[in-house]
2 protein chains.
Amino acid sequence: MYAPERQQEILRLARDGGRVDVLSLAEEFQVTAETIRRDLKALDRAGLVRRVHGGAIPAGRLDFEPDLAERESTAADEKDRVAKAALAELPTEGTVILDAGTTVARFAAALPLEASLTVVTHSLPIAARLADHPGIQLHLVGGRVRHRTRAAVDAWALRAYGEIRADVLFVAANGFSAEHGLTTPDLAEAAVKRAAVAAARRVVLLADSSKHGQEHFARFGDLGDVDLLITDSGLSPEDATAIERGGTEVLCV
Amino acid sequence: MYAPERQQEILRLARDGGRVDVLSLAEEFQVTAETIRRDLKALDRAGLVRRVHGGAIPAGRLDFEPDLAERESTAADEKDRVAKAALAELPTEGTVILDAGTTVARFAAALPLEASLTVVTHSLPIAARLADHPGIQLHLVGGRVRHRTRAAVDAWALRAYGEIRADVLFVAANGFSAEHGLTTPDLAEAAVKRAAVAAARRVVLLADSSKHGQEHFARFGDLGDVDLLITDSGLSPEDATAIERGGTEVLCV
DNA sequence: ATGCCGGAGGCCCGATCATGCCCGATTGAG
DNA sequence: CTCAATCGGGCATGATCGGGCCTCCGGCAT
């Protein structure tokens with residue numbers, strides 16, 4: 001096992017368990033404690049973990065590992081299936097916009113290594129994940145970064161999306177329904193989503209079925225703006241047909 | 001079998017298995033390890049795999065940046081000291097711009113948790129690190145993301161810096177000297193650095209002494225543009241006084 | 001035909017890297 | 001305050017790296 005692999009795995013363990021300790025890691029990887037210390041030092045220098053006596057705790061996580069709160073609320077499985085299914089909607093070449101959100105982040109992580117695309121995103125975790133993808137030309141949308149979602153919002157973001165035109169947008173929503181449209185808790189974020197919707201020729205909504213019927217503070221569009229909704233089988237067939245009557249294709253996985 | 005064929009096949013193996021190692025490949029293709037190393041180097045330069053000791057890992061699989069986690073190797077200690085020293089130059093409140101680069105990244109990681117600042121950066125790793133810093137209002141500068149440095153460049157970035165005015169810029173350079181000024185290997189990146197310099201009232205250059213005297217392809221300013229140079233004691237006193245004659249304060253740590 | 005040229009691959013050796021081991025310094029839990 | 005656990009710097013070692021140099025071979029112009 002190569003050192004970077006081990007470090008990557010240590011990082012995963014740290015994020016998973018909230019903490020790691022030198023001795024267990026040494027046993028786990030069958031190396032001496034010195035080596036683990038060196039690994040932790042490297043990860044510490046990279047700012048990915050914070051070193052403490054006897055081990056380390058994760059810091060400034062820059063990827064989308066499900067954090068504690070989110071893991072409880074699960075739907076992780078559904079999100080994964082939705083993300084996988086969305087891969088079929090990728091154009092073989094062209095430009096896609098990726099919205100912020102855990103489902104879209106999973107989608108980004110699942111992009112095949114041999115894909116060749118231009119990707120635009122205002123999500124920091126997604127950008128970090130795709131930055132060294134060999135086939136992807138990544139364009140980052142700037143703006144004020146919201147702590148909670150790690151997504152860029154406000155003037156710079158809005159203007160950037162106003163200047164581009166993409167083939168497909170993969171968008172997330174905290175709530176969706178035929179009556180209340182697409183909603184999310186934050187106004188600034190809603191504005192960016194609206195701008196992204198306007199910048200794309202085709203809109204694909206990724207949302208597990210628990211989002212259906214929910215409504216949040218800020219509305220950024222109608223279901224009619226969505227060309228394809230990918231969700232899980234938790235959406236009742238009646239609801240699905242109701243949505244399809246609005247002109248939105250529905251795919252339950 | 002021709003070299004490009006072999007490399008293609010190596011890439012396939014790497015993506016399939018998640019990793020490859022030099023010796024097995026050498027046996028597999030009936031060539032010497034040197035030839036495999038050359039192949040891996042070529043693939044690495046093309047950004048398709050990431051070279052590790054003993055083998056390679058396909059690019060896009062690691063979600064952290066091994067080059068940022070660089071081990072004891074390249075002047076890591078000096079960089080740390082420089083970064084620490086730079087903390088003294090932080091305003092107690094106001095706006096700072098952080099350039100891309102490992103030294104600046106260390107600096108960002110060292111920002112005290114109780115700091116209360118507005119930070120602007122076009123570096124993806126630095127943004128990721130600061131995104132959950134409670135006291136920091138983070139503004140991300142967008143643009144095309146360069147694979148090597150994970151920094152945003154081009155039109156969006158240039159325009160963003162043209163619109164702001166910050167108290168202090170912490171900037172890095174691949175080479176600096178009184179004669180050749182501040183240089184870096186990439187033109188696009190140099191343009192962004194120049195824009196950042198123009199956007200700041202005070203410019204602090206963070207560069208370990210090994211950068212002194214080096215000159216790279218793209219020049220983005222003179223040493224005279226720099227108000228304060230923070231470097232390590234590897235800079236000779238004569239060089240330091242020479243630089244100070246140009247109006248740049250020099251701090252060796 | 002012949003000789004030049006350039007790229008690919010092999011060979012060699014000093015430099016570098018990853019890891020393990022040792023030991024004095026530091027830390028933190030009781 | 002004490003002491004065992006932990007840390008980290010120094011050193012050793014074997015594997016790996018990479019640059020310089022050589023050979024082979026196919027293309028090409030003379």
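The structure presented is a predicted model; accordingly, all values stated were derived computationally and were not measured. Here is the naming used below: chain letters follow the sequence lines, and residue numbers restart at 1 for every chain.
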* Net bend of the helix from C:dA1-D:dT30 to C:dG30-D:dC1, end axes of five pairs each, nearest 10 degrees -> 30°
side-chain hydrogen bond (donor to acceptor under 3.5 Å, both in side chains) with [X]: which residues, sequence neighbours excluded?
X: B:S116; value: none
X: B:R38; value: none
X: B:R144; value: B:D154

Please report, rounded to the nearest Å, how far the [atom2] atom of [N] is from the [atom1] atom of [X].
X: A:I36; N: C:dA18; atom1: CD1; atom2: C1'; value: 13 Å
X: A:E5; N: C:dC17; atom1: CD; atom2: C1'; value: 16 Å
X: A:L40; N: C:dA18; atom1: CG; atom2: P; value: 16 Å

* **All pairs passing ring pair (Phe, Tyr, Trp, His ring centres under 6.0 Å) where residues 191-243 of chain B contributes a residue, at least two apart** => B:F176-B:H212
* Structure fact -> Closest non-hydrogen contact found for A:A76 with A:R106 is CB-NH2, 4.0 Å
* Structure fact -> Residues at least two apart in sequence or cross-chain that pass ring-ring contact (aromatic ring centres under 6.0 Å, His included) with A:H133, listed by chain then number, are none
* To do: For each nucleotide in nucleotides 14-23 of chain D, reading 5' to 3', give B when a protein heavy atom comes within less than 4.0 Å of its base, S when such contact involves only the sugar-phosphate, and - otherwise.
  => --SBBS----
* According to a strict under-4.0 Å criterion, is B:T35 in side-chain N/O contact with OP1 or OP2 of C:dG10? -> yes
* Does A:R6 make a side-chain N or O approach to OP1 or OP2 of C:dT19 shorter than 4.0 Å? -> yes
* Structure fact -> Within residues 7-21 of chain B, those residues having any heavy atom closer than 4.0 Å to DNA chain C are none
Which pairs of donor and acceptor atoms, one on a side chain in residues 242-253 of chain B, lie under 3.5 Å apart (sequence neighbours left out)?
residue: B:E244; atom: OE2; partner: B:V250; partner atom: N; Å: 3.1
residue: B:T248; atom: OG1; partner: B:L223; partner atom: O; Å: 2.8
residue: B:T248; atom: OG1; partner: B:V226; partner atom: O; Å: 3.0

When the side chains of residues 92-100 of chain A are checked against the rest of the protein, which donor-acceptor pairs come out under 3.5 Å, sequence neighbours left out?
residue: A:D99; atom: OD1; partner: A:H122; partner atom: NE2; Å: 3.4
residue: A:D99; atom: OD2; partner: A:A172; partner atom: N; Å: 3.0
residue: A:D99; atom: OD2; partner: A:K193; partner atom: NZ; Å: 2.5

* Taking C-beta and beyond as the side chain, do B:V168 and B:L90 meet within less than 4.5 Å on heavy atoms? -> no
* salt bridge (Lys or Arg N to Asp or Glu O under 4.0 Å) involving B:D44 - partner list, sequence neighbours excluded -> none
* Report the residues that fulfil side-chain contact (heavy atoms from CB on, under 4.5 Å) with B:T149, sequence neighbours left out, ordered by chain and then residue number. => B:R146, B:A151, B:E189
